[in-house]
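Read the numbers this way: they start at 1 and go in the same order the structure lists the ligands and their atoms.
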Amino acid sequence: MKTSTFRIVPLPTEVAEEARHLVEAGAADHAVIKVDSATGFPCRHCLRWAQPGERVILFPYASIPAGHPYSETGPIFVHAEPCERYSGTREYPADFRNGRAFRAYDADYNMIDAEIVNGREPEAVIEKLLQNPKTEFVDARSLTRGCFTFRILRA
Ligand SMILES: [Zn+2]
């Protein structure tokens with residue numbers, strides 16, 4: 001595989017840790033869920049599917065910050081136990097090669113393009129979206145539920 005033109009950005013560790021603190025504190029918008037499916041609960045911090053028997057925290061995350069027309073806050077999971085932040089940032093996460101939609105945004109957080117990955121090489125789809133000089137970043141989301149999974153920046 002050629003050198004990647006992109007960089008994967010997992011959820012910041014501070015956000016995952018804050019969610020773990022808030023669930024301990026009983027925050028109403030943070031829930032602990034016991035995983036019962038091998039491919040239903042993607043952890044946005046280690047970028048792996050949480051496995052049956054593990055616990056995840058479900059909470060709202062502002063993937064596109066407030067104050068923009070495309071502002072968006074939506075539900076995401078992180079492992080309830082500390083996990084290692086995804087470090088293979090030059091490689092597309094193996095667990096999410098299918099079932100993702102990519103949304104391209106410009107520097108003002110406007111959505112300017114979108115593609116479905118299913119059945120195609122995600123690297124090629126990312127490359128196509130990044131060919132537009134206006135693309136500032138690309139967000140990978142669940143194709144079925146629409147939830148934010150991770151961000152992709154230029155390398
Ligand atoms: Zn994790």
Side-chain angles (χ1 to χ4, degrees), residues 1 3-66 70-105 109 111 114-127 129-130 135-155:
M1 195 185 296
T3 310
S4 65
T5 55
F6 60 83
R7 180 161 60 91
I8 302 294
V9 184
L11 192 75
T13 299
E14 309 85 78
V15 176
E17 286 182 346
E18 188 190 14
R20 291 168 187 141
H21 285 304
L22 285 170
V23 85
E24 289 293 318
D29 60 353
H30 284 53
V32 175
I33 294 179
K34 192 162 185 195
V35 173
D36 60 2
S37 155
T39 56
F41 300 85
C43 176
R44 272 60 163 195
H45 185 245
C46 61
L47 296 185
R48 301 173 62 93
W49 294 113
Q51 290 305 297
E54 292 184 324
R55 293 179 315 138
V56 291
I57 299 166
L58 175 63
F59 66 102
Y61 175 68
S63 57
I64 304 298
Y70 282 95
S71 298
E72 194 162 2
T73 296
I76 64 170
F77 299 112
V78 294
H79 276 113
E81 303 298 325
C83 59
E84 192 174 330
R85 192 178 188 223
Y86 182 74
S87 61
T89 54
R90 294 301 180 99
E91 287 171 37
Y92 189 87
D95 280 8
F96 307 120
R97 295 196 68 84
N98 284 301
R100 294 306 112 183
F102 289 160
R103 297 179 182 173
Y105 292 85
Y109 295 100
M111 198 190 304
E115 294 277 350
I116 288 171
V117 179
N118 260 12
R120 294 193 281 170
E121 290 289 314
E123 292 87 350
V125 181
I126 292 167
E127 193 157 323
L129 291 168
L130 291 179
T135 299
E136 182 76 8
F137 63 92
V138 175
D139 278 356
R141 288 177 164 260
S142 163
L143 184 57
T144 47
R145 303 211 181 193
C147 308
F148 172 82
T149 316
F150 55 90
R151 181 152 293 173
I152 302 153
L153 298 178
R154 292 177 197 281

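- Heavy atoms of other residues, nucleotides or ligands lying less than 6.0 angstrom from CD of Glu84 number 12 at most.
- Checked for salt-bridge contact, Glu72 and Arg141 meet the test: a charged N lies under 4.0 Å from a carboxylate O.
- Listed by chain and number, the protein N, O or S atoms at a distance under 2.8 Å from the Zn ion (ligand 1) are Cys43 SG, Cys46 SG, His79 ND1, Cys83 SG.
- Relative orientation of the Phe150 and Tyr92 rings is perpendicular, given thresholds of 30° and 60° on the angle between their planes.
- Distance check: Arg151 CZ to Phe137 CZ gives 4.0 Å after rounding to the nearest 0.5 Å.
- Residues Ala16 and Leu11 come closest through the heavy atom pair N-CD2, 4.2 Å.
- In this structure, His45 contributes its side chain and Cys83 its backbone to a donor-acceptor pair below 3.5 Å.
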